[in-house]
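Quick notes on the structure that follows.
Chain naming here is simple, since letters A, B, ... match the order of the sequence lines and numbering starts at 1 in each.
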Amino acid sequence: MTFRMELIKNLNPQQQQAVMAEAGPVLVLAGPGSGKTRVLTQRIAFLIRVKKVKPYSIMAVTFTNKAAREMESRVVGLVGDYNRGLTLGTFHAICARILRREAEHLPFESNYVIFDEDDQLGVVKHALRDLNLDEKNNRPAPIHAAISNAKNELLLPENFPVQHYRDEVVRRVYERYQQLLLVNNALDFDDLLLWAVRLFEEHPEVREKYARRFEHILVDEFQDTNIAQYLLLKHLASFHRNIFVVGDTDQSIYRWRGADYRNVLRFEKDFPDAQVVMLEQNYRSTQAILDVAMAVINRHPQRRPKYLFTDRGAGLRVTLREVYDDRAEAAFVLDSIVDMVRREQAQPGDFAMMYRTNAQSRLLEEAFLAAGLPYKLVGAQRFYGRREVKDIIAYMRLVHNPNDELSLTRIINVPPRGIGDKTYLALRTLAQKLSLSPGELLLEIGREPEALNLAGLPGRSGANLARFGGWQVKWAALKASASPLVLMDQILEDIDYRSYIDDGSEEGADRWANVMELRRIAFEAQDKGLEGFLEQVALVSDQDTLETTAKVPTMLTLHAAKGLEFPVVFILGLNDGTLPHSRSFDDIEEMMEERRLFYVGITRAKDRLFLVYSQNRSAYGYPEPVDPSRFLDDIPYELIEEEQPAVLRRGVKSEAASHDALWGAAARTSPKRQIANQQIYHPGMNVFHPTYGDGMVLNSRLEGDDEVVDVFFADLGMKRLVASLARLEIKT
DNA sequence: ATGGACAATGTTTTT
DNA sequence: CATTGTCCAT
């Protein structure tokens, strides 16, 4: 069989049309679960193996690293190592690479660092201070958001439209913000795109070079592009015009980040000769789920009608469930999951719990922890947001780029080494006088400690600075010859970070474990060099850290769920104010986006979908009565089944034996686990719980087929546990 | 310079 | 309510 036949044999006619489309612009409108990733990867394989296009001349762009990795492995699966030379990555990563290569045309050095969200906020605060604006009246976060939006629309400070006083504040902060970034030789996320576009617009010969090189450009999730990304693509495609974009306007959920689904319309206008292919057949969900999805999205005005169909069959009706409050919500989900696993209707890894805001994961986590059941959580307390992780990265960034003052101020006194505000200020003043950055001055001092005397920084504080400078010199020497790992180890040793962070408490051990995790990442990035390592850690998101290995239920936001699928999905907190979020109420566009978000969640489900709302919800502190989501009104009654509260139903006991096998690790590690026919815990017993530690039984009773035990833990106080699930050990 | 105690303040989604 | 920042005492 020819490769071509091999490639297309599992594709439906529309998919084939897309994969084998002739050169020129192509717009693929793909509904959820219609195989769009497949179309993209097969298209790449088709170009390489059938059309004999050099991988070097192909660029494929995604939004997340995870999507990029996924695509990469699938392309490799299709064409083996014929993929060598292929440019495949996120918008940000691809731009970062171009900007390093073309730094000579740009106002920063090629060893620039990428500032993350926290750093960016730090720069805004710094700018506010420089402009004598106070943070109370000028909150940094909204100002930063305004700056970011401006950048996404390619508005420079000098063009920033000023209508109110507030705009003027933003404009001035923006101006200062950009100056500070350049002083630090740093770029923020938006800059990566902005500078790339400016590079192409201001240096036609550079644009020409890249436009000629990339004969084919393929774009995933096109509806999420912002203006900067759209223009970037247009420039890149300006020579060959072979641009193949795949998207679904109904799944556009990043408006707040500057994404503009109207880029799809713009594309049709800018490329009037574009072939348009519609992928409508759904291979993921049952028809029952698709019907609900359509009921929700069809209320969306002004959109191209799309009919979702599947040959997977009707399936079970979608379940709608009302609960008393958000605690009951968590309990309902947990009970349902346990029940379905026991009945062998699903495996633990089949479940996803989706919610609007990260904060909603907390009660879920508590419920799972209390039951002693494993789960995985996407995002939320971000690994790269951890203090210890940021500290070590700041050290390495400083070594890579001594001008990075933000990193320097972060760690110059971490761990405490007697360099306080006063000393740092003196250093900074001197540096300014010598027109050096503080980091460069420290390097000087490290090389020649006597220089300090000239500066009037003698004595203990001077010695402290000299010691730090000495390290910097040593580390700088190391970065040329050694891997990121060796450098990191040397830093950790010199600053004795472990004794600072690991104070013997459980939290300390945790922190140190995070440092070791970062060390592992450095180990894996050995051959990337320091620059590559830093770029990688700056551009990975926490969404990317979802490992697919552990077969346990997943908790994630609706945003994080895009592009994923699960056999059983729970969408939680379907209340007005949560979904749609209250901050969207007064904006029609935003309300439509909330609706699309709901739609994205619904269409993640393959077999079962549970929609849950509660009567009361704790905003912060106190529970308040809330209304069901207005989106629920749009689902016809006959499409749903309202489930009655029935937590543990009959028949559970007889099936409980299989529970062990299905519910994996948690069950196996519980030595005393058993089904309660009689009470085994009694008041006064000393028990041990793997998470909570030592405790004493206060009370216990049989409930249904299980035993409910109230335990007082030394560290946490009272907890109510279910005996069959909590890994309780009785101590003699 | 450092660490603790208190207050204020604020909750959407993230490359 | 839980985090973050500010002030104050050592």
note: A:I94, atom CD1; B:dT15, atom C1'; distance rounded to Å ~ 13 Å

So, OP1 or OP2 of B:dT14: does either fall under 4.0 Å of a side-chain N or O from A:N358?
yes

Rounded to whole Å, CZ of A:R129 lies from C1' of C:dG5 at a distance of 13 Å

Q | Is_stacked (A:H581, B:dT12) at 5.5 Å, 30 deg | A | yes

note: A:Q223, atom CD; B:dT15, atom C1'; distance rounded to Å ~ 14 Å

For A:Y355 and A:E329, which I'm curious about, is there any donor-acceptor pair between the side chains at under 3.5 Å?
no

- Taking only side-chain nitrogens and oxygens of A:K562, does any of them come within less than 4.0 Å of OP1 or OP2 of B:dT14? no

(request) Confirm from the modelled atom types if A:H92 and B:dT15 form a donor-acceptor pair under 3.5 Å, side chain to base only. (result) yes

| request: Looking at every strand, decide which applies to A:F63 at a 4.0 Å heavy-atom threshold: base, sugar-phosphate, or nothing. | output: sugar-phosphate

| message | Looking at B:dT14, I'd like to know if its phosphate oxygens (OP1 or OP2) sit under 4.0 Å from a side-chain N or O belonging to A:T557. | response | yes

query: A:W256 on top of B:dT12's base, within under 5.5 Å and under 30°?
result: no

A:M591 CE to B:dT13 P, in whole Å, measures 18 Å

Give A:E590 one of three labels, base, sugar-phosphate or nothing, depending on what nucleic acid heavy atoms sit under 4.0 Å from its own. base

When rounded to whole Å, the CD1 to P distance for the pair A:I571 and B:dT12 reads 21 Å

Margin query: B:dA1, OP1 or OP2 - any side-chain N/O from A:T423 closer than 4.0 Å?
Written below: yes

Give me the distance, rounded to whole Å, that separates C:dT4 from B:dT13 when you measure between the P atoms they each carry. 14 Å

Counting just side-chain N and O atoms, does A:R356 come under 4.0 Å of either OP1 or OP2 of B:dT11? no

Rounded to whole Å, CD of A:E589 lies from P of B:dT13 at a distance of 21 Å

Query raised in the report: How about A:Y174 and A:Y177: are their ring centroids closer than 6.0 Å?
Result: no

Going by atom types only, do A:N575 and A:S629 share a side-chain donor-acceptor pair under 3.5 Å?
no

Quick note, A:H559 side chain, CB onward, closest among C:dG5, B:dT14, B:dT15 is B:dT14

How about A:Y210 and A:H235: are their ring centres within less than 6.0 Å of each other?
-> no

Between A:D260 and A:R266, is there a salt bridge with N-O shorter than 4.0 Å? yes

Whole-Å distance, A:N65 CG to B:dT14 P, equals 15 Å

Practice item. Respond yes when some side-chain nitrogen or oxygen of A:R362 is under 4.0 Å from OP1 or OP2 of C:dA2, and no when none is. Key: yes

Closest to the 5' end of DNA chain B, once A:I419 and A:R583 are matched to their nearest nucleotides, is A:I419

So does A:N413 get a side-chain nitrogen or oxygen closer than 4.0 Å to the phosphate oxygens (OP1/OP2) of B:dT2?
-> yes

Could you tell me if A:R397 and A:S407 have a donor-acceptor pair between their side chains, going purely by distance under 3.5 Å? yes

Taken to the nearest whole Å, CG/A:N152 to P/B:dT14 is 16 Å

Assign each of A:Q120 and A:P416 the nucleotide of DNA chain B bearing its closest heavy atom; nearer the 5' end lies the nucleotide of A:P416

